[in-house]
Amino acid sequence: MPTFFQNKDSLPPELLARWDHAVAEYDRVLNGICGDSEAKKLFFYNALREKSALFWRLLNGKDPLPMPPPTRYSYPWYEIIETPGPHRVGDIGFHAYGRPLGQQLAEIRGTDREDRLFIEQCGWAVLSCNAAAQNMLETLQQGGTFTLEDQNRLMAAGPEWIVQYGKWPAYRLFVQRYRRQTLPRFLEDTLRLVDKSSWAWTNTVMICERDGGGIELESDGWFLEKEEPCCTGS
């Protein structure tokens with residue numbers, strides 16, 4: 001869990017000058033989200049300001065967004081809203097999609113089947129997917145054990161989803177090649193990861209050895225970017 005600052009006394013003067021405004025604005029935003037719901041207050045309200053991404057944002061002179069952004073491992077993901085991207089993502093929960101929900105959760109969500117993919121542990125509604133994505137889901141839902149070769153094949157086919165969080169614009173979740181580096185002392189552990197069944201290491205190839213002794217690798221990875229609206233000619 002990140003800590004954005006140690007305590008109030010540790011802040012530089014330019015941030016300390018915004019303290020009272022940030023406190024008032026933080027309370028206003030959270031009260032608007034939670035209302036009288038104790039459950040929402042327990043979920044959204046971070047009493048430790050040092051660990052609140054929203055409070056840190058306000059201290060730095062930025063305005064709150066008009067509605068809560070998606071989260072990334074429980075923390076507001078401002079970058080996905082404010083930076084064009086594409087943004088690389090790692091942890092995606094595919095297995096639950098399309099499966100029956102329990103009665104209580106079904107009543108809360110208004111659907112009897114799971115309609116979200118969990119990207120970095122945050123639920124995004126699925127608006128559509130291409131044939132390769134549908135094949136991937138059907139393969140996953142058959143159960144059993146998947147080898148790295150299975151995942152290499154499914155990823156190479158180019159699965160793609162259109163997903164949406166709340167009322168924010170739709171985003172495209174797609175596969176793209178990207179490069180990563182590893183230092184010599186981590187090379188052995190890294191190569192062991194490549195041999196495991198992991199979506200983060202599909203279709204990995206070694207590109208080159210670097211001058212410092214490290215290795216540069218290229219893999220398939222998941223990316224999110226804002227979906228461009230379709231243009232129609234007159």
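- Heavy-atom minimum distance, R180 versus A200: NH2-O, 2.6 Å.
- Salt bridge annotation for E216-R179: present, with a cationic side-chain nitrogen under 4.0 angstrom from a carboxylate oxygen.
- Side-chain N or O atoms of D27 include none that pairs as donor or acceptor with a backbone N or O of A24 at under 3.5 Å.
- Without hydrogens or angle criteria, R177 side chain to N203 main chain gives a donor-acceptor distance under 3.5 Å.
- The only option from P69, P66, P76 that meets the side-chain contact (heavy atoms from CB on, under 4.5 Å) definition with I81 turns out to be P69.
- Under a hydrophobic-cluster definition in which Ile, Leu, Val, Met, Phe, Trp and Tyr are linked whenever side-chain heavy atoms come within less than 4.5 Å, directly or via other members, M155 and Y178 are assigned to different clusters.
- The minimum heavy-atom distance between E120 and G90, with the atom names listed, is OE2-N, 3.2 Å.
- Clustering of Ile, Leu, Val, Met, Phe, Trp and Tyr by side-chain heavy atoms under 4.5 Å joins L127 with I162.
- The OG1 atom of T3 sits 3.0 Å away from the NZ atom of K51 when rounded to the nearest 0.5 Å.
- Considering every non-hydrogen atom in both Y97 and Q141, the closest pair reads O-NE2, 2.7 Å.
- Not less than 6.0 angstrom separates the ring centroid of W56 from the ring centroid of Y26.
- Contact detail for N152 and T202: the closest heavy-atom pair is OD1-CA, 3.1 Å.
- Of the possible polar contacts, none joining the N60 side chain to the F55 backbone as a donor-acceptor pair under 3.5 Å is found.
- Using cut-offs of 30° and 60° on the angle between ring planes, the pair F94 and W222 is tilted.
- Between the side chain of R18 and the backbone N or O of L59, at least one donor-acceptor pair lies under 3.5 Å.
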